[in-house]
Amino acid sequence: MTTPLRKLDHSFFRRPAIDLARDLLGKILVHCVRGREYRARIVETEAYVGEHDLACHASKGRTRRTEVMFGPGGHAYVYFIYGMYDMLNVVASGEGDAQAVLIRAAEPLDNWEADLSGPGKLTRALRIKRSDNGRDLTGDKLFILDDPGYQARIVSSKRVGVDYAREWKDELLRFFDAKSKAVSKPRF
DNA sequence: GCGTCGATGGCA
DNA sequence: GCCATCGACGCG
């Protein structure tokens, strides 16, 4: 008999994105949809640290798209890009401070065969869509479990695909678990 | 193995 | 006209 894993609550999310990005490694993302429960261990994240971060969508100001990032932490920011992909982010910090963590890769659990090594692949396999934008991550449909028994080996690198972000493009704000093989392609 | 490129749509 | 992407294709 094992004790059930505890669901992360709002206090966990209301911190700077850089801390949240590191602490989300090793946690378990859960999505319940159409009678199924998809569970995956988070192994790669990126921090987008606020309006001054030129790689962060919030640097464009408060718009219909970026609105949920300006809201309280612990909600999903899901946006559409490249005409094909939905990206899952976890809103960090508090109301008015627009920070978020992009979930880039995970390892499937429960003998579920899936390739979750990339932000687009992950949302597709977990059936996470734009319609999940704004969802409270402490609810019953989309949430994250703590797993105190798992210790990630945390390594940092530059964020992927943000070469336009001037002095922010080389910041070491991508984090991954060096123990995982599911990290998305470029490791450094 | 690596570089290039097209798909496809919302946003500024 | 950009993109916080992916996969297919051409190389050799």
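All chains are named by letter (A, B, ...) in the order of the sequence lines, taking the proteins before the strands, and each is independently numbered beginning at 1. Here the structure is a predicted model, which means the values were calculated and not measured.
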Checklist entry - Which of these nucleotides, C:dC6, C:dA4, B:dC11, is closest to any side-chain atom of A:Ile81? => result C:dA4
Item to check | Separation of atom CD in A:Gln99 from atom P in C:dA4, rounded to whole Å | outcome: 18 Å
Item to check | Distance in angstrom units between A:Met84 CE and B:dG10 C1', rounded | outcome: 14 Å
Checklist entry - Base, sugar-phosphate, or nothing: which does A:Tyr82 touch, judged by heavy atoms less than 4.0 Å apart? => result base
Checklist entry - Are A:Leu137 and A:Leu126 in one and the same hydrophobic cluster, where Ile, Leu, Val, Met, Phe, Trp and Tyr link if side-chain heavy atoms are under 4.5 Å apart? => result yes
Next on the checklist: In whole Å, I'd like the distance from the CD1 atom of A:Ile128 to the P atom of C:dA4.
Outcome noted: 20 Å
Next on the checklist: For B:dA12 and A:Thr63 - does any side-chain N or O of the residue sit under 4.0 Å from the phosphate oxygens OP1/OP2?
Outcome noted: yes
Checklist entry - Touch check for A:Arg65, heavy atoms < 4.0 angstrom, all strands: base, sugar-phosphate only, or nothing? => result sugar-phosphate
Checklist entry - Between A:Tyr164 and C:dA4, is there a side-chain N or O to OP1/OP2 distance below 4.0 Å? => result yes
Checklist entry - So what does A:Gly83 touch, heavy atoms closer than 4.0 Å: a base, only the sugar-phosphate, or nothing? => result base
Checklist entry - Atom CG of A:Asp115 and atom P of C:dT5: how far apart are they, to the nearest Å? => result 15 Å
Next on the checklist: Taking only side-chain N and O atoms of A:Lys121, does any of them lie within less than 4.0 angstrom of OP1 or OP2 on C:dG7?
Outcome noted: yes
Next on the checklist: Less than 3.5 Å apart, any donor N or O on the side chain of A:Thr138 or A:His10 sitting next to an acceptor on the other?
Outcome noted: yes
Next on the checklist: Between C:dC9 and B:dT8, how many Å separate the two P atoms, rounded to a whole number?
Outcome noted: 15 Å
Checklist entry - Taking only side-chain nitrogens and oxygens of A:Arg104, does any of them come within less than 4.0 Å of OP1 or OP2 of C:dT5? => result yes
Checklist entry - Once you round it to whole Å, what is the distance between C1' of B:dT8 and CG of A:Asp86? => result 12 Å
Checklist entry - Which of these passes salt bridge (charged side-chain N to carboxylate O under 4.0 Å, His left out) with A:Lys7: A:Asp146, A:Asp140, A:Asp147? => result A:Asp140
Checklist outcome for this item: Whole-Å distance, A:Met69 CE to C:dA4 P, equals 11 Å
Next on the checklist: Between C1' on C:dT5 and CZ on A:Arg130, what's the gap in Å once rounded to a whole number?
Outcome noted: 14 Å
Checklist entry - Who is the Watson-Crick or G-U wobble partner of B:dT8, with both distances under 3.5 Å? => result none
Next on the checklist: Over all strands shown, is A:Met87 touching base, sugar-phosphate only, or nothing at heavy-atom distances under 4.0 angstrom?
Outcome noted: sugar-phosphate
Checklist entry - Whom does C:dA4 pair with, Watson-Crick or G-U wobble, provided both distances fall under 3.5 Å? => result none
Item to check | For atom CD of A:Glu51 and atom P of B:dA12, their distance in whole Å | outcome: 14 Å
Checklist entry - A:Lys141 side chain to A:Cys32 main-chain N or O, any donor-acceptor pair under 3.5 Å? => result yes
Item to check | Residue pair A:Asn133 / A:Tyr79, side-chain heavy-atom distance below 4.5 Å | outcome: no
Next on the checklist: Can you check the distance between C:dG12 and B:dC5, where both ends of the measurement are the P atom (answer in whole Å)?
Outcome noted: 15 Å
Checklist entry - Is there a donor N/O on one and an acceptor N/O on the other, under 3.5 Å, for the side chain of A:Tyr79 and the base of C:dA4? => result yes
Checklist entry - Under a 4.5 Å cut-off applied to non-hydrogen side-chain atoms, are A:Arg15 and A:Asp23 in contact? => result yes
